[in-house]
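Counting begins at 1 with the first residue of the sequence. Counting starts at 1 for both ligands and their atoms, following the listed order.
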Amino acid sequence: MEESIPAGSVKLKETGSLLTGKFTTATDVSDIDALVKKALEYKADPYKDSQLGARKRIGLLFLNPSLRTRLSTQIAARNLGMEAIVFNVDKEGWQLEFEEGAIMSGNTSEHVKDAAPILGSYFDILCIRTFPSLVNRADDYSELYISEFIKYCGRPVISLESATLHPLQSLTDVITITEQVQQRSADFKGRKPKVVLTWAPHVKPLPQCVANSFSQWMCAWQGKSEFVITHPEHYELAGEFTSSATIEYDQDKALKDADFVYVKNWSTYNDYGKIFENDPSWMLSLEKLQLTRQARVMHCLPVRRNVELSDEVLDSTHSIVTQEAGNRVWAAQAVISELLRR
Ligand SMILES: NCCC[C@H](NC(=O)CCC(=O)O)C(=O)O
Ligand SMILES: NC(=O)OP(=O)(O)O
(Lines give C-alpha, C1' and ligand atoms only; values in the text may rest on other atoms or scores of the structure.)
(Ligands and ions follow the chains in the order given, each with its own letter.)
Protein backbone atom coordinates (compact mmCIF):
# COMPACT_ATOMS: atom_id res chain seq x y z
CA MET A 1 0.00 0.00 0.00
CA GLU A 2 1.14 3.60 -0.47
CA GLU A 3 2.66 4.66 2.84
CA SER A 4 5.01 7.37 1.55
CA ILE A 5 3.02 10.32 2.94
CA PRO A 6 3.31 10.59 6.75
CA ALA A 7 0.00 9.65 8.39
CA GLY A 8 -2.07 12.60 9.55
CA SER A 9 -0.04 15.19 7.68
CA VAL A 10 -1.55 15.07 4.19
CA LYS A 11 -2.67 18.46 2.97
CA LEU A 12 -5.49 18.39 0.48
CA LYS A 13 -6.07 22.10 0.16
CA GLU A 14 -6.89 21.95 -3.52
CA THR A 15 -10.05 19.88 -2.91
CA GLY A 16 -10.85 20.98 0.64
CA SER A 17 -11.61 17.30 1.28
CA LEU A 18 -10.48 15.46 4.39
CA LEU A 19 -9.79 12.33 2.30
CA THR A 20 -7.53 11.48 -0.62
CA GLY A 21 -10.41 10.01 -2.64
CA LYS A 22 -10.46 6.63 -0.92
CA PHE A 23 -10.51 5.38 2.65
CA THR A 24 -8.26 2.38 3.14
CA THR A 25 -5.57 3.62 5.58
CA ALA A 26 -4.90 6.49 8.01
CA THR A 27 -2.71 8.10 5.34
CA ASP A 28 -5.89 8.78 3.33
CA VAL A 29 -6.96 11.28 6.02
CA SER A 30 -5.62 14.86 6.06
CA ASP A 31 -7.01 15.84 9.48
CA ILE A 32 -8.15 13.12 11.88
CA ASP A 33 -9.67 15.55 14.39
CA ALA A 34 -11.73 17.24 11.67
CA LEU A 35 -13.09 13.86 10.55
CA VAL A 36 -13.89 12.95 14.18
CA LYS A 37 -15.69 16.29 14.61
CA LYS A 38 -17.73 15.62 11.50
CA ALA A 39 -18.71 12.18 12.78
CA LEU A 40 -19.80 13.60 16.14
CA GLU A 41 -21.88 16.23 14.32
CA TYR A 42 -23.69 13.40 12.54
CA LYS A 43 -24.21 11.64 15.85
CA ALA A 44 -25.89 14.80 17.18
CA ASP A 45 -27.96 15.27 14.00
CA PRO A 46 -28.05 12.09 11.85
CA TYR A 47 -30.23 13.47 9.05
CA LYS A 48 -28.61 16.88 8.55
CA ASP A 49 -27.31 15.84 5.11
CA SER A 50 -30.16 13.50 4.22
CA GLN A 51 -30.16 14.63 0.57
CA LEU A 52 -26.38 14.60 -0.01
CA GLY A 53 -26.42 11.09 -1.48
CA ALA A 54 -29.82 11.22 -3.18
CA ARG A 55 -29.88 9.20 -6.42
CA LYS A 56 -26.50 7.69 -5.62
CA ARG A 57 -25.69 4.07 -4.85
CA ILE A 58 -23.11 2.49 -2.61
CA GLY A 59 -22.09 -1.16 -3.02
CA LEU A 60 -20.87 -3.19 -0.05
CA LEU A 61 -18.96 -6.29 -1.11
CA PHE A 62 -18.15 -8.92 1.48
CA LEU A 63 -15.63 -11.69 0.91
CA ASN A 64 -15.81 -12.43 4.68
CA PRO A 65 -18.46 -12.28 7.44
CA SER A 66 -19.58 -9.12 9.24
CA LEU A 67 -22.23 -7.86 11.65
CA ARG A 68 -21.25 -4.29 12.65
CA THR A 69 -19.47 -3.09 9.52
CA ARG A 70 -22.19 -4.31 7.21
CA LEU A 71 -25.12 -2.83 9.14
CA SER A 72 -23.51 0.43 10.32
CA THR A 73 -22.28 1.29 6.82
CA GLN A 74 -25.73 0.60 5.33
CA ILE A 75 -27.38 2.78 7.98
CA ALA A 76 -24.82 5.56 7.45
CA ALA A 77 -25.41 5.54 3.67
CA ARG A 78 -29.17 5.66 4.13
CA ASN A 79 -28.86 8.60 6.56
CA LEU A 80 -27.22 10.45 3.66
CA GLY A 81 -30.04 9.48 1.26
CA MET A 82 -28.05 6.84 -0.63
CA GLU A 83 -29.25 3.47 -1.75
CA ALA A 84 -27.04 0.77 -0.22
CA ILE A 85 -26.76 -2.69 -1.78
CA VAL A 86 -24.92 -5.52 -0.03
CA PHE A 87 -23.37 -8.34 -2.03
CA ASN A 88 -21.93 -11.33 -0.18
CA VAL A 89 -19.38 -12.19 -2.84
CA ASP A 90 -18.10 -15.16 -0.83
CA LYS A 91 -21.50 -16.88 -0.76
CA GLU A 92 -23.41 -15.53 -3.75
CA GLY A 93 -20.84 -14.40 -6.32
CA TRP A 94 -18.43 -16.09 -8.67
CA GLN A 95 -15.14 -16.84 -7.00
CA LEU A 96 -12.86 -13.97 -7.95
CA GLU A 97 -9.29 -14.19 -9.23
CA PHE A 98 -6.95 -11.36 -8.19
CA GLU A 99 -3.59 -12.52 -9.57
CA GLU A 100 -2.47 -10.61 -12.67
CA GLY A 101 -1.84 -12.96 -15.61
CA ALA A 102 -3.38 -15.97 -13.84
CA ILE A 103 -4.22 -19.02 -15.93
CA MET A 104 -7.71 -19.53 -14.55
CA SER A 105 -7.89 -23.32 -14.70
CA GLY A 106 -8.55 -23.69 -10.96
CA ASN A 107 -11.44 -22.68 -8.70
CA THR A 108 -11.73 -19.00 -9.63
CA SER A 109 -14.36 -18.14 -12.25
CA GLU A 110 -14.07 -14.40 -12.81
CA HIS A 111 -11.11 -12.00 -12.77
CA VAL A 112 -11.31 -8.80 -10.72
CA LYS A 113 -10.17 -7.02 -13.92
CA ASP A 114 -13.53 -7.93 -15.46
CA ALA A 115 -15.77 -7.70 -12.38
CA ALA A 116 -14.50 -4.43 -10.83
CA PRO A 117 -15.23 -2.08 -13.79
CA ILE A 118 -18.74 -3.51 -14.02
CA LEU A 119 -19.31 -2.83 -10.32
CA GLY A 120 -17.87 0.64 -10.94
CA SER A 121 -20.55 1.22 -13.55
CA TYR A 122 -23.32 0.15 -11.14
CA PHE A 123 -22.19 2.15 -8.07
CA ASP A 124 -20.93 5.63 -7.13
CA ILE A 125 -18.91 4.39 -4.13
CA LEU A 126 -17.65 0.85 -3.56
CA CYS A 127 -16.73 -0.82 -0.28
CA ILE A 128 -14.97 -4.15 0.15
CA ARG A 129 -14.04 -6.53 2.96
CA THR A 130 -11.16 -8.91 2.30
CA PHE A 131 -9.46 -10.78 5.16
CA PRO A 132 -5.86 -12.06 4.98
CA SER A 133 -5.03 -15.69 4.26
CA LEU A 134 -2.61 -15.77 7.24
CA VAL A 135 -0.56 -18.22 5.14
CA ASN A 136 1.76 -15.98 3.13
CA ARG A 137 2.80 -12.71 4.78
CA ALA A 138 4.15 -11.07 1.64
CA ASP A 139 0.88 -11.71 -0.20
CA ASP A 140 -1.27 -10.43 2.68
CA TYR A 141 0.88 -7.33 3.31
CA SER A 142 0.90 -6.46 -0.40
CA GLU A 143 -2.88 -5.89 -0.03
CA LEU A 144 -3.35 -7.48 -3.45
CA TYR A 145 -7.15 -7.83 -3.28
CA ILE A 146 -8.08 -4.28 -2.32
CA SER A 147 -5.32 -2.78 -4.50
CA GLU A 148 -6.49 -4.66 -7.58
CA PHE A 149 -10.06 -3.68 -6.82
CA ILE A 150 -9.12 0.02 -6.52
CA LYS A 151 -7.10 -0.21 -9.73
CA TYR A 152 -9.94 -1.58 -11.84
CA CYS A 153 -13.22 -0.25 -10.37
CA GLY A 154 -12.68 3.46 -11.12
CA ARG A 155 -14.69 4.61 -8.07
CA PRO A 156 -13.84 5.83 -4.57
CA VAL A 157 -13.22 2.75 -2.41
CA ILE A 158 -13.86 2.33 1.31
CA SER A 159 -12.14 -0.52 3.13
CA LEU A 160 -14.53 -2.55 5.26
CA GLU A 161 -11.39 -4.27 6.67
CA SER A 162 -8.60 -5.48 4.45
CA ALA A 163 -5.72 -7.92 4.88
CA THR A 164 -3.72 -5.58 7.14
CA LEU A 165 -5.94 -2.66 8.23
CA HIS A 166 -9.44 -1.78 9.47
CA PRO A 167 -9.73 2.03 9.16
CA LEU A 168 -13.49 2.38 9.81
CA GLN A 169 -12.93 0.57 13.11
CA SER A 170 -9.96 2.77 14.01
CA LEU A 171 -11.76 6.00 13.14
CA THR A 172 -14.59 4.78 15.38
CA ASP A 173 -12.10 4.12 18.15
CA VAL A 174 -10.65 7.65 17.93
CA ILE A 175 -14.22 9.02 17.93
CA THR A 176 -15.06 6.99 21.04
CA ILE A 177 -11.92 8.07 22.92
CA THR A 178 -12.53 11.71 21.93
CA GLU A 179 -16.12 11.50 23.11
CA GLN A 180 -15.08 9.98 26.45
CA VAL A 181 -12.37 12.62 26.96
CA GLN A 182 -14.87 15.40 26.18
CA GLN A 183 -17.45 13.88 28.54
CA ARG A 184 -14.88 13.65 31.37
CA SER A 185 -12.91 16.80 30.57
CA ALA A 186 -12.17 17.50 34.26
CA ASP A 187 -10.32 14.13 34.53
CA PHE A 188 -8.14 15.01 31.53
CA LYS A 189 -7.35 18.62 32.38
CA GLY A 190 -3.70 19.28 31.49
CA ARG A 191 -2.89 15.68 30.52
CA LYS A 192 -3.27 13.33 27.60
CA PRO A 193 -5.20 10.06 27.94
CA LYS A 194 -3.00 6.98 28.34
CA VAL A 195 -4.19 4.42 25.80
CA VAL A 196 -2.98 0.81 26.04
CA LEU A 197 -3.45 -1.79 23.32
CA THR A 198 -3.15 -5.20 24.96
CA TRP A 199 -2.87 -8.58 23.30
CA ALA A 200 -5.35 -11.18 24.63
CA PRO A 201 -5.60 -14.96 24.24
CA HIS A 202 -7.78 -16.59 21.56
CA VAL A 203 -8.55 -20.06 20.27
CA LYS A 204 -7.47 -19.53 16.66
CA PRO A 205 -4.99 -17.41 14.69
CA LEU A 206 -6.56 -14.02 13.91
CA PRO A 207 -5.44 -11.26 11.54
CA GLN A 208 -3.23 -8.40 12.80
CA CYS A 209 -5.38 -5.81 11.02
CA VAL A 210 -7.40 -4.39 13.92
CA ALA A 211 -4.25 -4.02 16.04
CA ASN A 212 -2.16 -2.67 13.12
CA SER A 213 -4.85 -0.18 12.29
CA PHE A 214 -5.49 0.99 15.86
CA SER A 215 -1.76 1.53 16.29
CA GLN A 216 -1.44 3.32 12.95
CA TRP A 217 -4.27 5.72 13.90
CA MET A 218 -2.95 6.30 17.42
CA CYS A 219 0.49 7.15 15.96
CA ALA A 220 -1.11 9.40 13.32
CA TRP A 221 -3.20 11.15 16.03
CA GLN A 222 0.02 12.87 16.92
CA GLY A 223 0.41 14.24 20.42
CA LYS A 224 -3.16 13.41 21.47
CA SER A 225 -2.46 10.32 23.57
CA GLU A 226 0.27 8.45 25.39
CA PHE A 227 0.15 5.19 23.45
CA VAL A 228 1.52 1.89 24.71
CA ILE A 229 1.27 -1.60 23.18
CA THR A 230 1.68 -4.67 25.38
CA HIS A 231 1.96 -8.27 24.21
CA PRO A 232 3.97 -11.42 24.92
CA GLU A 233 7.28 -11.67 23.06
CA HIS A 234 6.91 -13.03 19.49
CA TYR A 235 3.70 -11.05 18.95
CA GLU A 236 5.47 -7.92 17.60
CA LEU A 237 3.37 -6.06 15.05
CA ALA A 238 4.72 -4.73 11.74
CA GLY A 239 7.02 -1.77 12.43
CA GLU A 240 5.39 0.32 9.69
CA PHE A 241 2.28 0.70 11.90
CA THR A 242 3.87 1.15 15.33
CA SER A 243 6.30 4.02 14.62
CA SER A 244 5.76 6.15 17.75
CA ALA A 245 4.23 3.51 20.04
CA THR A 246 5.93 2.38 23.24
CA ILE A 247 6.20 -1.44 23.37
CA GLU A 248 6.07 -2.98 26.87
CA TYR A 249 6.18 -6.76 27.37
CA ASP A 250 5.06 -6.53 31.01
CA GLN A 251 1.28 -6.16 30.89
CA ASP A 252 0.99 -4.92 34.49
CA LYS A 253 3.53 -2.15 33.84
CA ALA A 254 1.71 -1.14 30.67
CA LEU A 255 -1.66 -1.03 32.42
CA LYS A 256 -0.44 1.30 35.17
CA ASP A 257 -2.49 4.53 35.12
CA ALA A 258 -4.15 3.64 31.79
CA ASP A 259 -7.31 5.55 30.88
CA PHE A 260 -8.30 3.29 27.98
CA VAL A 261 -7.46 -0.38 27.49
CA TYR A 262 -8.02 -1.70 23.98
CA VAL A 263 -8.15 -5.49 24.05
CA LYS A 264 -7.43 -7.56 20.95
CA ASN A 265 -5.93 -10.87 19.96
CA TRP A 266 -3.68 -11.17 16.94
CA SER A 267 -1.53 -13.96 15.55
CA THR A 268 2.22 -13.64 15.07
CA TYR A 269 3.60 -11.33 12.38
CA ASN A 270 7.26 -12.43 12.29
CA ASP A 271 6.79 -16.21 12.11
CA TYR A 272 3.60 -15.49 10.28
CA GLY A 273 0.03 -16.34 11.28
CA LYS A 274 0.74 -18.55 14.29
CA ILE A 275 -0.26 -18.86 17.93
CA PHE A 276 3.03 -19.02 19.85
CA GLU A 277 1.70 -19.01 23.36
CA ASN A 278 -1.79 -18.53 24.65
CA ASP A 279 -1.22 -17.75 28.32
CA PRO A 280 -4.71 -17.25 29.81
CA SER A 281 -3.23 -14.85 32.37
CA TRP A 282 -3.16 -12.22 29.60
CA MET A 283 -6.98 -12.05 29.76
CA LEU A 284 -7.93 -8.72 31.34
CA SER A 285 -9.56 -9.01 34.79
CA LEU A 286 -11.13 -6.58 37.25
CA GLU A 287 -8.09 -7.13 39.45
CA LYS A 288 -5.73 -5.97 36.67
CA LEU A 289 -7.94 -2.98 36.00
CA GLN A 290 -7.16 -1.79 39.54
CA LEU A 291 -3.75 -0.78 38.18
CA THR A 292 -5.46 1.68 35.86
CA ARG A 293 -7.26 4.97 36.35
CA GLN A 294 -10.70 3.32 36.23
CA ALA A 295 -9.86 2.54 32.60
CA ARG A 296 -12.57 2.20 30.01
CA VAL A 297 -12.26 -1.09 28.13
CA MET A 298 -12.62 -1.25 24.35
CA HIS A 299 -12.81 -4.10 21.82
CA CYS A 300 -13.81 -4.07 18.15
CA LEU A 301 -16.06 -7.15 18.59
CA PRO A 302 -16.90 -9.95 18.02
CA VAL A 303 -15.31 -11.07 21.29
CA ARG A 304 -14.84 -14.58 22.68
CA ARG A 305 -16.17 -14.23 26.22
CA ASN A 306 -14.02 -15.72 28.96
CA VAL A 307 -11.19 -16.37 26.49
CA GLU A 308 -10.27 -12.88 25.24
CA LEU A 309 -12.26 -10.88 27.79
CA SER A 310 -14.01 -12.08 30.95
CA ASP A 311 -17.71 -11.67 31.68
CA GLU A 312 -16.75 -9.71 34.79
CA VAL A 313 -15.03 -7.04 32.69
CA LEU A 314 -17.46 -7.02 29.75
CA ASP A 315 -20.47 -6.79 32.05
CA SER A 316 -18.90 -4.09 34.26
CA THR A 317 -19.09 -0.31 33.95
CA HIS A 318 -15.50 -0.37 32.61
CA SER A 319 -16.74 -1.70 29.27
CA ILE A 320 -17.64 0.79 26.54
CA VAL A 321 -17.85 -1.79 23.73
CA THR A 322 -21.52 -1.02 22.98
CA GLN A 323 -20.90 2.74 22.75
CA GLU A 324 -17.89 1.94 20.55
CA ALA A 325 -19.86 -0.31 18.17
CA GLY A 326 -22.67 2.28 18.06
CA ASN A 327 -20.16 4.86 16.85
CA ARG A 328 -19.43 2.76 13.77
CA VAL A 329 -22.44 4.46 12.12
CA TRP A 330 -21.02 7.98 12.57
CA ALA A 331 -17.56 7.00 11.40
CA ALA A 332 -18.98 5.50 8.22
CA GLN A 333 -21.30 8.48 7.70
CA ALA A 334 -18.42 10.99 7.97
CA VAL A 335 -16.34 8.99 5.48
CA ILE A 336 -19.13 8.48 2.93
CA SER A 337 -20.09 12.14 3.21
CA GLU A 338 -16.53 13.28 2.49
CA LEU A 339 -16.33 11.00 -0.57
CA LEU A 340 -19.71 12.28 -1.83
CA ARG A 341 -18.60 15.90 -1.60
CA ARG A 342 -15.59 15.40 -3.86
N1 LIG B 1 -14.06 -7.37 12.07
C2 LIG B 1 -13.58 -7.44 13.35
C3 LIG B 1 -12.61 -8.52 13.67
C4 LIG B 1 -12.50 -9.61 12.68
C5 LIG B 1 -11.56 -10.73 13.04
N6 LIG B 1 -12.13 -11.53 14.10
C7 LIG B 1 -12.43 -12.81 13.95
O8 LIG B 1 -12.21 -13.36 12.89
C9 LIG B 1 -13.04 -13.53 15.13
C10 LIG B 1 -13.43 -14.92 14.76
C11 LIG B 1 -13.78 -15.80 15.92
O12 LIG B 1 -13.69 -15.42 17.08
O13 LIG B 1 -14.16 -16.94 15.61
C14 LIG B 1 -10.22 -10.15 13.49
O15 LIG B 1 -9.83 -10.35 14.62
O16 LIG B 1 -9.55 -9.49 12.69
N1 LIG C 1 -15.74 -4.80 14.45
C2 LIG C 1 -16.14 -5.28 13.26
O3 LIG C 1 -15.62 -4.97 12.20
O4 LIG C 1 -17.22 -6.10 13.34
P5 LIG C 1 -17.81 -6.98 12.14
O6 LIG C 1 -16.72 -7.94 11.75
O7 LIG C 1 -19.01 -7.64 12.73
O8 LIG C 1 -18.15 -6.08 11.02
**Asked** Among all protein non-hydrogen atoms, which one is nearest to atom 2 (C) of ligand 2, and what is the separation to 0.1 Å?
**Response** R328 NH1, 3.3 Å
**Asked** How far is atom 4 (O) of ligand 2 from its nearest protein heavy atom, and which residue and atom is that?
**Response** R68 NE, 2.9 Å
**Salt bridge present between R137 and D140 (N-O < 4.0 angstrom)** = no
**Asked** Quick one: nearest non-hydrogen protein atom to atom 11 (C) of ligand 1, plus distance?
**Response** R304 NH2, 3.4 Å
**Asked** Under 4.0 Å from ligand 2, counting heavy atoms only, is it the side chain of L301, its backbone, both or neither?
**Response** backbone
**Asked** Which bit of E161 is near ligand 1, meaning a heavy atom under 4.0 Å away: side chain, backbone, both or neither?
**Response** side chain
**Asked** If you measure from each non-hydrogen atom of R129 to ligand 2, which part falls under 4.0 Å: side chain, backbone, both or neither?
**Response** side chain
**Message:** So if I count the atoms of ligand 2 from 1 in the order they appear, which ones are less than 4.0 Å from some heavy atom of Q169?
**Reply:** 1 (N), 2 (C)
**Asked** At a non-hydrogen distance cut-off of under 4.0 Å, which region of R129 contacts ligand 1 (side chain, backbone, both, or neither)?
**Response** side chain
**Message:** Regarding ligand 2, does H166 bring an N or O atom to under 3.5 Å of one of the ligand's N or O atoms?
**Reply:** yes
**Fill in**
atom 9 (C) of ligand 1: closest protein heavy atom, distance to 0.1 Å, is L206 CD2, 3.8 Å
**Message:** Evaluate C300 for polar contact with ligand 2, using N/O atom pairs at a separation under 3.5 Å.
**Reply:** yes
**Asked** Closest non-hydrogen protein atom to atom 7 (O) of ligand 2, residue and atom name please, with distance?
**Response** L67 N, 2.7 Å
**Prompt:** Taking atom CD of Q183 as the centre, does the number of heavy atoms from other residues, nucleotides or ligands within less than 6.0 Å exceed 12?
**Reply:** yes
**Asked** Heavy-atom contacts under 4.0 Å between L301 and ligand 1: side chain, backbone, both, or neither?
**Response** backbone
**Item:** Side chain, backbone, both or neither: the part of K264 lying under 4.0 Å from ligand 1 by heavy atom
**Value:** side chain
